[in-house]
Amino acid sequence: MEDRRMTEPALPGRRRDASGGWGVIARRVTPVVVAATAAVLVGVLPAAGAPQAGGAPAAPPAAQPGSAPGIDPAVQKWFKDREGLQIDLNNALLPAQKLPRPLAAARPVCSRLLKAAGVLAALSRVPSTPLEAPVRAGLDTFVQAATTCLAGDLPQAEQLVAQGLAARTAVSEQIDEILDGD
Amino acid sequence: MATDRNSNTGTRLGILVAVGLLLTVVLTATAATTTSSTASAATTTLTPVADSQVQEDAPTGNFGTTTTLRVDGSPVSIAYLKFDVRGLTVAPTKATLKVFVPTSTTTSINAGKVADSTWTETGLNWTNRPAVSPPSIPSPTPIAANSFVSYDVTTMVTGNGLVSFAIDTTSATSKSLPSRENATVANRPQLVIDSATTTTPPPGDPVIAASGDVACGTADATYNGGLGTADACHMKQTSDLVLAIAPQQVFALGDLQYNAGAAADFNVSYQNSWGRFKPITRPVVGNHEYGTSGAGGYFGYFGAAATPRQPGCVKACDGYYSFDVAGWHLAVINSECGRINGGVGCAVGSPQQKWLDADLAAHPTGCTAVLSHRPRWASNSFASPDIQPLVDVMAARGVDLFLAGHAHSYERFAPQNAAGQADPNGMTEIVVGTGGRDSQGFGTVVANSLVRKNKIFGVLKLTLHPVAYDYSFVPDPATPFADTGSGTCH
């Protein structure tokens, strides 16, 4: 068999949780953060038009058996439906890497990030089990970064943004390989 | 606006195209032998596709993965080298076998031809070794330490295909010659072929060959000495197509070396196929290149060609740049957005996005193209929304042509705006991920997709006119397919 593993070293300081996701940060999220996030999402989701959002992720639509996820129409639709949200998140993350000071100037940046990451985190499950954890990598961390920022700790928020981005990058190869059917 | 003159996917037309291609090659060869004005000398340096040694005192031992090749007169040890010669349309004007000798000797080291090239690197041993055809060519003596010994093997290399050599000596003091696995790339065995196969580009507008997703790794189960199998690893075959096109430049659209863009693989698999066009290649970095930290294998291999904005950078470089070809302005983007600028390398306000906007604004030429690894649109899940901010810039600046790979298939779109809506003044995206690696299929056909084909290998031939362009998919004859047309710049 061809060995299609890549040799990029694992990023330090993170470890996978039992489900294969990057859960270290997520487990630190406080009830206050959860409540704040939920409050934001209640107001955001309808406007964002997120399919099957809210509460626990909905069951995925049926995928075509036997085909590589990258050519599965159900998977393709799932990615297509979230394209705009992903673009919004990227554009929200860029200014959050180095937050403006003082806090009043940072608030709009962090509110935008909370909205963008929160909507994506609440999206329906991808109709490919192996993709579920990697496509959510970093999202909880971005939510925590935004709430940390809004609570006034800008340095910690920047650190969390960097950690979330690193977690997302670390699984990009995995997503590509799963889509390839490897 | 692109005009599709022919998008037949049927076998009959494909065969006609293949026949036409063969006819072209034949005519090229004829021209090369009858008039020197249409051909120029070309030098190709090949590294072995297999090498090993056999030892009399280890009759069933195999040494195919060692970094040196031992030659010895007692007990006898013989080195075997196998090269894959491709792309010749006439016999080479000269072929030179070169082996590096690290230690001095006063005894000749001899090279002979091995008629049977069916031996394998990991299967060869003393017992099953193929015979060496006399006479062998002795080296001059003495041989200085750390020098290359060259053998004129012109008569032994008569055309395309596998060719094997044996290296031996009568000296009872063994010599260890660097093998193809040796860490010092420059000291590996070489077969240098001088030929008259490169036809002079026809006068007029420049011709380009483009494709992505090219070379399998040497450890790939389907590598097969660089020749691949029916459905994978056709990098040699597609590089032969490029050779026949004789382009002015080659656009290499990323994922050029699988599986992880390792320097060792670049120096063998890519080098022996598309590496033949390295001096005229405009490289694009792909996701598999980042399988090596910071895409160090890619940036190290292509050097300044991949980093004209960052001279000397060999790892974790930006990977985006631009250049001009005959009045066209072309920008290469790094679509691995998560790999640059801390993970948001394509977002609005990112250095790459601002650079692309400024670069395109500074080049308001008649025709503009962008080269990327990931496409923005594809009829599967291989389209990238991350590059949307760059596509927004491209649309705003009037880019005409957008070439990409990543999806291992061919797909051509009608001109579109940044939102993916049909727009006669928009950009035409062509996905050419057919450079050799393998094939991927399609899911739901997306809007404005005009032509799609998978399970094919080949390259896109472009002719860049002052205010227009012609495109033609040139297929591997084993996978016939045609898509030919033209577009105008706006």
Side-chain angles (χ1 to χ4, degrees), chain A residues 1-9 63-64 67-98 126 128 131 137-138 158 161-173 175-182, chain B residues 216-217 219-223 232-233 255 258-262 286-288 290-295 297 336-350 353 374 376 378-389 392 406-409 420 438 440-446 454:
Chain A
M1 281 291 288
E2 175 191 8
D3 181 3
R4 304 196 70 173
R5 290 172 300 176
M6 297 195 176
T7 58
E8 182 80 7
Q64 285 190 350
S67 62
I71 60 172
D72 185 320
V75 174
Q76 182 184 349
K77 182 178 187 306
W78 187 88
F79 276 107
K80 183 71 177 174
D81 286 345
R82 78 195 292 268
E83 279 190 345
L85 302 174
Q86 185 171 332
I87 295 164
D88 288 345
L89 175 62
N90 291 336
N91 291 335
L93 283 166
L94 184 77
Q97 288 180 302
K98 183 63 179 173
V126 60
S128 169
L131 282 169
E158 290 171 343
V161 167
Q163 288 178 2
L165 283 167
R168 194 172 72 162
T169 298
V171 299
S172 64
E173 303 162 1
I175 292 173
D176 285 329
E177 292 192 350
I178 293 170
L179 290 173
D180 283 350
D182 295 336
Chain B
C216 293
D220 192 305
T222 52
Y223 180 69
C233 305
D255 280 4
Y258 287 82
N259 187 42
N287 54 297
H288 277 264
Y290 283 94
T292 294
S293 181
E336 299 313 301
C337 308
R339 301 292 187 175
I340 53 177
N341 194 41
V344 282
C346 305
V348 173
S350 65
Q353 192 250 5
R374 294 184 191 253
R376 177 63 190 93
S379 292
N380 42 43
S381 293
F382 302 116
S384 170
D386 290 340
I387 64 171
Q388 181 64 41
D392 290 338
H406 191 56
H408 299 185
S409 54
D438 58 15
Q440 296 165 333
F442 299 101
T444 301
V445 176
V446 299
N454 68 332

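Note on naming: letters A, B, ... go to the chains in the order of the sequence lines (proteins, then strands), and numbering restarts at 1 for each one.
Rounded to the nearest 0.5 Å, atoms OG (B/S381) and CG (A/D176) are 11.0 Å apart. Here the straight-line distance linking atom CD of A/E173 with atom CG of B/N259 works out to 9.5 Å at 0.5 Å rounding. We find the CD1-OG distance between A/I87 and B/S384 to be 8.5 Å, quoted to the nearest 0.5 Å. Remark: B/H406 NE2 to A/D180 CG distance equals 7.0 Å, nearest 0.5 Å.
Side-chain contact between B/V344 and A/L165 is present, with at least one heavy-atom pair separated by less than 4.5 Å. Looking at A/T169 and B/R339, their side chains come closer than 4.5 Å, going by heavy atoms from C-beta outward. With contacts defined as side-chain heavy-atom distances shorter than 4.5 Å, the pair A/N90/B/Q388 does not qualify.
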Open item on the list: B/T444 vs A/K77, test: side-chain contact (heavy atoms from CB on, under 4.5 Å). Steps then yes/no.
Closed with: CA-CA 8 Å; B/T444 301; A/K77 182 178 187 306; over 6 Å; no
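The part of A/P69 that comes within reach of chain B is its backbone (N, CA, C, O), which places non-hydrogen atoms under 4.5 angstrom from that chain. Only the side chain of A/Q97 comes within less than 4.5 Å of a heavy atom of chain B; its backbone N, CA, C and O stay farther away. Residue B/A378 touches chain A through its backbone alone, counting heavy-atom pairs closer than 4.5 Å.
A side-chain donor-acceptor contact under 3.5 Å links A/Q86 and B/D386. In this model, no donor atom of one side chain and acceptor atom of the other lie less than 3.5 Å apart for A/Q76 and B/N380.
Put simply, the side chain of A/N91 never gets that close to the backbone of B/A347: no donor and acceptor are under 3.5 Å apart.
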